[in-house]
Amino acid sequence: MSLQAAVGGFHLETLAYPINLLAAVVFFLLLLLLHFFRRKFAALRWLSSYQAAISSISSLALLTLVMGLVKQLPGYMHEGDAWPGFAQMLSNWAFAFLFVWFIAVLGMTVFLRLFSAQWKDIPFVLNHLGLLIALTGAVLGSADIQQLEMNTLVGRPQWMATNERGDVLELPLAIELHEFSIEEYPPKLMLIDNETGDMLPKGKPDHFLVEDSAAVGKLLDWDVAVITKLPMAAGVPTGDTLKYVEFHSVGATMALYIRVSHRKTDETHEGWVSCGNYMFPYKAMRLNEKVSLVMPEPEPKRFYSDVTVYTESGKTIREVIEVNKPVQVDGWKIYQLGYDESKGRWSDVSVFQLVRDPWLPVVYTGILMMIAGALALFVFQKRKEGVHDKLD
Amino acid sequence: MISWTDFWLFALPAFCCWLAGAWFAWRGNRIAKACGFTLAGLLIFAAFIIGLWVSLERPPMRTMGETRLWYSFFLPLVGLMTYLRWRYKWILSFSTVLALVFIGVNLLKPDIHNKTLMPALQSPWFVPHVIVYMFAYAMLGAATVMALYLLLRKNKRPAAMEMDMCDNLVQIGFSFMTLGLLSGALWAKEAWGHYWSWDPKETWAAITWFCYLSYIHYRLHRKTSYSIALIMLLISFLLLQMAWYGINYLPSAQGVSVHTYSM
């Protein structure tokens, strides 16, 4: 606590390459040294005991619990005074010390088992060594991770990107956006309260997904029938109202001509409803003093960018980048992040996230070992007795 | 097209089958009938899940109501597996009651038939990630029920075999939870650019994982202090509720989680 107050938080960024590699080598050599002296000192033997394991796991659980209860701020922001040290748990010295302690206990346990390994120890080694490798790689590698954001405009190669602090960096690769596309879900119709604007029923809004051009549906006590569906429409003012006509060009919006009737009162309305966009205004249908029918903007189903990536090493790669389908080039992973939401499906801007994580193979080795270990734990679970007796 | 309004048409017969299965198990010596009825109930319930999947045109795993659906499916399944393995007369009754709770919540708080699935969830990782987690939760739920039963049972200390059953349930549940956690990490790398971002859901998943890890090591260390171990199980399961849905209400997680998909 006093350390936290005296020098501020502990920042993992200080552990950039090659310091992180050096730290890992020194730390594990030290642990190995301690391992060979374990016969001499009871305290060293204690490090690979269940007591040490349980105390280190549960204290880590406790600090993580605090982290879960206190709203966390990103590391580069100034931490307020409300929760000194706890609103940035990852920079908390207590957390850092505890983590090193946990890794030490885990490391000593792994060494002990590795040096007397038998076939039946395989699940144990996979689980423990896997966790050790994954955690060490993740923590030491985090300073070497570069995570940048790049805004691209159709037809203009871009090689500048910004990091989370907002610094602009020049990259060894450029991205040229050829086309950005969105596939949208069919339009939805909903009821809103005229005064508050809340969607109805409040807290659990009902909706009618207009999938066909002649769809029929209901919303609360209203029957809704779609008469005309114009996926590409333009709004045209006529007198004191708006009507919609077909418009097959950039900036078109979705419009529906609908008939709505109340099931009990037989009150009927007919007219255009549209979600509008950056070019055309939206249009709602007022049903009575309390309720209006509206069309919210359609939700994106898929959005993707057709791009060419040029690298400094001379590669030219044409790819489609989509959410959940990043592209990997020269150690960089390129993710579809966003677009110009005010323009929606007519956006000519595509935002990418670029991530470089040189320690990823280390972490993935650990993760794959743990997956194998978890499967082994499940498959061989009957062999519970006897396996763990070696540790006193 | 099956929608949520048809839910009770499937849930009621499934529940009746599970009830019959539980009754035959309770009577003892009717193993075939107990298993047969439970299995029939599972098939009916699965039919609803598959029908909903087809009519939603996406996996029914996005909203809380949809995850409750899987949970009420996996509870009797886990109950059946435990029954087949250890022959506890009461386990099917418990899994049936627990399934009823989640069916009841779904009937009283009906979910919206919402077909949309945001791009972030459209991934081959989605289905295994959720199913593995729901199965783990059901296993750990069964372990919690066992722990409660052993703690509340008057004037009889748990037998070593009964503690073994807790251990086995936790071990299976924990290995599935680990698979869920790690598959989530691999998916996160593909979807969000990093395998671990300390998103509130991830933080609480880590807390829960550490807690069950403590339990497993504690059981290996102090083989005979049962009540502390059982209390650890209860606390772990309470924290698991936070990871599952509690964070939707937690002030510290408001507006920062990318894991909120239910309306």
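Letters go in sequence order (proteins before strands), and every chain restarts at 1. None of these values were measured; they are calculated from a predicted model.
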- Note on the structure: Between A/Pro186 and A/Leu209 the two heavy atoms that sit nearest each other are O-CD1, 3.5 Å
- Query: Do you know the tightest heavy-atom contact between B/Leu233 and B/Ala143?
  - Reply: CD1-O, 4.0 Å
- Atom group of B/Trp209 that falls short of 4.5 Å from chain A, counting heavy atoms: side chain
- Under a 4.5 Å heavy-atom cut-off, does chain A meet the side chain of B/Ile216, its backbone, both or neither? neither
- Note on the structure: Residue from A/Ser142, A/Ala138, A/Gly373 scoring the most non-hydrogen pairs under 4.5 Å with chain B is A/Ala138
- Message: If you take the centroid of each ring, where Trp contributes its six-membered ring, are A/Tyr335 and A/Phe352 closer together than 6.0 Å?
- Response: no
- Message: Please tell me whether B/Tyr71 and B/Phe102 form a close aromatic pair, meaning their ring centres lie under 6.0 Å apart.
- Response: yes
Winner by heavy-atom pair count (cut-off under 4.5 Å) against chain A, out of [options]:
options	answer
B/Ser175, B/Ser123, B/Ser183	B/Ser175
B/Pro110, B/Ala191, B/Pro119, B/Ala185	B/Pro119
B/Thr116, B/Leu250, B/Ile247, B/Thr178	B/Thr116
B/Trp196, B/Phe176, B/Trp198, B/Phe174	B/Trp198

Heavy-atom distances under 4.5 Å only: say whether [X] touches chain B with side chain, backbone, both or neither.
X	value
A/Ala134	neither
A/Ile367	both
A/Leu90	side chain
A/Leu360	side chain
A/Leu131	side chain
A/Ile145	side chain

Tell me whether [X] is salt-bridged to [Y], with the criterion being a basic N under 4.0 Å from an acidic carboxylate O.
X	Y	result
A/Lys188	A/Glu211	no
A/Lys333	B/Glu190	yes
B/Glu57	B/Lys115	yes

For residues 59-70 of chain A, please give each side-chain donor-acceptor pair under 3.5 Å, one per line with the distance, not counting sequence neighbours.
from: A/Ser59; atom 1: OG; to: A/Ser55; atom 2: O; distance (Å): 2.5
from: A/Ser59; atom 1: OG; to: A/Ser56; atom 2: O; distance (Å): 3.4
from: A/Thr64; atom 1: OG1; to: A/Leu60; atom 2: O; distance (Å): 2.5

- Item | By side-chain contact (heavy atoms from CB on, under 4.5 Å) - contacts of B/Val78 (at least two apart) | B/Thr82, B/Phe135, B/Ala138, B/Met139, B/Ala142
